[in-house]
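Since the model is a prediction, treat every value here as computed from it, not as a measurement. All ligand and atom numbering here is 1-based and tracks the order in the structure.
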Amino acid sequence: MTSMDQDQWLRVRERLRAKVGEDIYSSWFARMELAGIVDDTIKLSVPTRFLKSWIQAHYAEKLLGCWQAEQPAMTRIELTVRSAAIRPLPPKIKVAEPAPPARELPAPPRLNGSEPHGPARPSSSVHEGLGGSPLDPRLTFETFVVGRSNTLAHAAALQVARGRRGDAVMFNPLYIHAGVGLGKTHLLQSLAWAGNIGPDRKVLYLTAERFVYGFVAAIRAQTAIAFKEALRAIDVLVIDDLQFLQGKSSQSEFCHTLNALIDSGRQVVIAADRPPSDLESLEERMRSRLAGGLVVEMGLLGEELRLEILKSRVAAAKLHHPGFDVPAAVLVFIAKSVTHNGRDLEGALNRLLAHSKLSGQPITLEMAEHEVRDLIRPQEPRRIKIEEIQRIVARQYNVSRADLLSSRRTANVVRPRQVAMYLAKTLTLRSLPEIGRRFGGRDHTTVLHAVRKIENLVNKDLSLAEEIEHLKRQLQE
Ligand code: ADP
Ligand code: MG
């Protein structure tokens, strides 16, 4: 390969980067290398089969287009997988691929012997024999919502779940990392549910702690050999929360198991709260083995994804609690304000459910705000101006700001004016006389009357209460 080829490759990369954007570029193309050019064929290599097939399926044309812009004579691109031995430590893959819509993927496999509601239990003999961790029937692919932050992890997990015994393994191990509550366990358990198809495919889901417990218990019972044999007889080993794998002997046992499984072509899937390189207590050799497959990060749940998760949760809750009605505005409010993670979203909905069951009251924004206030990340309260209040109230009620300040006393102006005064009193530190002055030079007793009036109404009139909450939120954004 000539240095001219390499120069050209650099320029093609830049074109590609400009075309697909930095995020996609670094997700999919950062580790692509030019292997050579033969006649009109460009040979490129990537480190994993998964990358290869993904790029082929989604970016083949763009890639060729970028080459042809530099070298019009090129007509073919050939992608190959580099052997792992050449580059044992690939940089981690960042997830940034904008959702290839899930509907493009074939439907999930039907599970043998599934009950009418919910998937079948995974073949429990292996699970029990090895002390597999219990699976939560709610954590399935059907309930896992795909969004920007988890597209790649989801696609990879689905791919593993659909594999058949004896299939070539595309990426090994599959290593998924993400912060607390971002869906690792949900995804891994989905994989375990869906992957146990028929009696001859064994997917074992274990937390790292369970792995240690099973192993230590087996040694105590002097069946360590049987335990290892059984473990090595499974097709897919799924280990959750690897960061909790502690202790030299369990770590070295884990290494043996991992190596044995990978070397014999079986799939290993791992989740942890950090990338392999940050698992300080593991040996370097081990870390690089973990990094040698597909490493995928799941990012924070975006607002859209949070809203979708909430919606699907409410729908699920309704099956058991038909009266559970959550107004759309409340869902939006929770999705906007509860930003930490999926657990807090679940917590927020559970509280609403409990509240609505215990009090029998319909769910309102005000109630929701009260119930979930400690789940909301504290924010610097914004300083709100009276002018802003007037502007937003006027817009909401379809009157002009001048109307609010005028002396007109028609009902369609009086109520908005009172609401605006009430908000001015409750959201700013201005005094009643000052507020009166800013509302066309009114007396402070007029303002006081308006504030009392609205306070009274809010307790009786739900729709007014919601309107006011809505206004407050607009002002606080
Ligand atoms: P982790 O294991 O990463 O700490 P979990 O898988 O336990 O997180 O997720 C925490 C909660 O958030 C669970 O209730 C889970 O069902 C929910 N959750 C997280 N991500 C998603 C998602 N993409 N779709 C549906 N629910 C999700
Ligand atoms: Mg978890």
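For atom 2 (O) of ligand 1, the candidate residues are Leu310, Asp273, Thr185; the nearest heavy-atom contact is made by Thr185. Of the candidates Arg343, Arg138, Arg313, the one placing a heavy atom closest to atom 16 (O) of ligand 1 is Arg313. Distances from atom 9 (O) of ligand 1 to the heavy atoms of Gly183, Ala271, Gly342 show the closest one on Gly183.
At the shortest separation from atom 25 (C) of ligand 1 among protein heavy atoms lies Thr143 O, 3.3 Å. The shortest contact between atom 26 (N) of ligand 1 and any protein heavy atom is with His186 ND1, 3.5 Å.
Between Tyr59 and Phe29, the ring planes lie perpendicular to each other; the angle is over 60°, past the 30° to 60° tilted range.
Only side-chain heavy atoms of Leu139 come within less than 4.0 Å of ligand 1; its backbone N, CA, C and O stay farther off. Residue contacts with ligand 1 for Glu346 involve side-chain atoms from C-beta outward but no N, CA, C or O (heavy atoms, distance under 4.0 Å). Proximity of Ile309 to ligand 1, defined as any heavy-atom pair under 4.0 Å, is confined to the side chain (atoms from C-beta onward). Looking at Val146 against ligand 1, nothing comes within 4.0 Å, counting heavy atoms.
Looking at Ser190 and His154, their side chains never bring a donor and an acceptor atom within 3.5 Å of each other. Looking at Thr364 and Glu366, their side chains never bring a donor and an acceptor atom within 3.5 Å of each other. Asp240 and Thr185 share a donor-acceptor pair across their side chains, judged by distance under 3.5 Å alone.
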Subject >> side chain to side chain donor-acceptor pair (under 3.5 Å) between Thr140 and Glu142, worked out >> reply: CA-CA 5 Å; Thr140 64; Glu142 283 77 21; 3.2 Å; yes
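Distance alone, capped at 3.5 Å, places no donor-acceptor pair between the Asn350 side chain and the Leu353 backbone. Checked by atom type and distance alone, the side chain of Arg313 never pairs as donor or acceptor with a backbone atom of Glu346 at under 3.5 Å. Checked by atom type and distance alone, the side chain of Trp67 never pairs as donor or acceptor with a backbone atom of Trp9 at under 3.5 Å. The closest donor-acceptor contact from the side chain of Asp235 to the backbone of Gln267 lies at 3.5 Å or more, if one exists at all.
Considering backbone and side-chain N/O of Val145, one or more are found under 3.5 Å from N/O of ligand 1.
Heavy-atom contacts of Leu182 reach the following atoms of ligand 1: 1 (P), 3 (O), 8 (O), 19 (C), 20 (N) (cutoff under 4.0 Å). In summary, the atoms of ligand 1 found under 4.0 Å from a heavy atom of Val180, numbered by their order in the structure, are 4 (O). Atoms of ligand 1 lying under 4.0 Å from any heavy atom of Asn150, numbered from 1 in the order shown and given with element: 23 (N).
Contact between Ala178 and ligand 1 is absent, with no heavy atom of the residue lying under 4.0 Å from the ligand. Using a 4.0 angstrom heavy-atom cutoff, Gly179 counts as in contact with ligand 1.
Here the OG atom belonging to Ser45 is positioned 11.0 Å from the NZ atom belonging to Lys52, to the nearest 0.5 angstrom.
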